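Please read all numbers here as calculations on a predicted model, not as lab measurements.
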Amino acid sequence: MISDVGAHKVSIARTYQPKNANKFIISNGLASMGIALPGSIGAKLACPNDPVICITGDGGALMNFAEVETAKRLGLSFIIIVLNDSTLKIEQEMMNKKFGKSYGVTFTNPDFVHLAKSFGIKGEQAKSLVEFENIMKRALKNSDEIVLIDVLLKS
C-alpha cells in the first residue's frame, strides 16, 4: 500500500496494520505531495504478484496523474483511491495557524472518473462507505487492471 494523503496520512498509518513487513510505504519527512502514484508504480514493478493499493489526496493525485499513462503502458495493475475533498488540508491548517485564514487551498477538481477513463483505466465514484466497500471488493477481484476509486469526502 502506498499512501500520500496529507492530513489523512496519520490516520491511515495508525489504523492500517499490514500482515507482512515492508509492505506499507508512506511519505514521511516533508510529506511530499504526489508521491503515491509514482510510488505505486515502483511498488508494482518491485512486487508484480502482490496487490498494490495507492491512497492519495486529490491534490497529490493531480500533481502526478500523468503517471497513470506510464502504468497503463507498462501493463501494470493496482487500485488508486483518491480522497476527494477539494481542499489542500495541511496547507489550509498551516495558513490558518500562522495567518488566521487561508488562501488558495480550495479548488474545483476534475471529474476523476472521467479523467481515469480518458487514460484508459476504470474509474468509479464512492459517495458512501458501502459504495466504497463494494467497489473495493470488485477491484480486488479484477486484479488485471488499474482501477481508480474517487472517494467523495465531506469538507
_Test side chain to side chain contact (heavy atoms under 4.5 Å, CB included) on D85 and D58; report intermediate values, then the result._
CA-CA 7 Å; D85 63 4; D58 44 7; 3.6 Å; yes
*Take R73 and E69 through the salt bridge (Lys or Arg N to Asp or Glu O under 4.0 Å) test and state the conclusion after the steps.*
CA-CA 6 Å; R73 181 171 23 90; E69 187 282 330; 3.0 Å; yes
*Is there a side chain to side chain contact (heavy atoms under 4.5 Å, CB included) between I149 and F112 once you walk through the steps?*
CA-CA 8 Å; I149 305 172; F112 280 104; over 6 Å; no
*Please assess L152 against Q125 for the test side chain to side chain contact (heavy atoms under 4.5 Å, CB included), listing each intermediate value before the final yes or no.*
CA-CA 7 Å; L152 293 179; Q125 189 174 75; 3.5 Å; yes
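For E131 (side chain) and K127 (main-chain N/O), a donor-acceptor pair under 3.5 Å exists by modelled atom type. Judged by distance alone, the side chain of N96 and the main-chain N or O of S102 form a donor-acceptor pair under 3.5 Å. Formation of a donor-acceptor pair under 3.5 Å by the K44 side chain with backbone atoms of V52 is not found in this model. The backbone N or O of V82 sits nowhere less than 3.5 Å from a side-chain atom of T56 that would complete a donor-acceptor pair. With hydrogens and angles disregarded, a donor-acceptor distance shorter than 3.5 Å links the side chain of N64 to the backbone of G34.
With contacts defined as side-chain heavy-atom distances shorter than 4.5 Å, the pair I80/V68 qualifies. Contact check for I53 versus F78: no side-chain heavy atoms found under the 4.5 Å cut-off. When side chains are defined from C-beta on, E67 counts as touching I41, because their heavy atoms get closer than 4.5 Å. Here the side chains of V151 and I81 are in contact, with some heavy-atom distance below 4.5 Å. Residues E145 and I121 have side chains not in contact (no heavy-atom distance under 4.5 Å, counting atoms from C-beta outward). Two residues are said to be in side-chain contact when any heavy atoms from C-beta on lie closer than 4.5 Å; L148 and F119 fail this criterion. Within the 4.5 Å cutoff, the side chain of P51 has no heavy atoms near those of the I79 side chain. Two residues are said to be in side-chain contact when any heavy atoms from C-beta on lie closer than 4.5 Å; R138 and E124 meet this criterion.
Here NZ of K137 is found 8.0 Å from NZ of K141. Values are rounded to the nearest 0.5 Å.
Cluster membership for L115 and V113, using ILVMFWY side-chain heavy atoms within less than 4.5 angstrom, is not shared. Under the 4.5 Å side-chain contact rule for hydrophobic residues, V105 and F99 share a cluster.
Counting all heavy atoms, side chain and backbone alike, S77 lies closest to S143 at OG-O, 2.8 Å.
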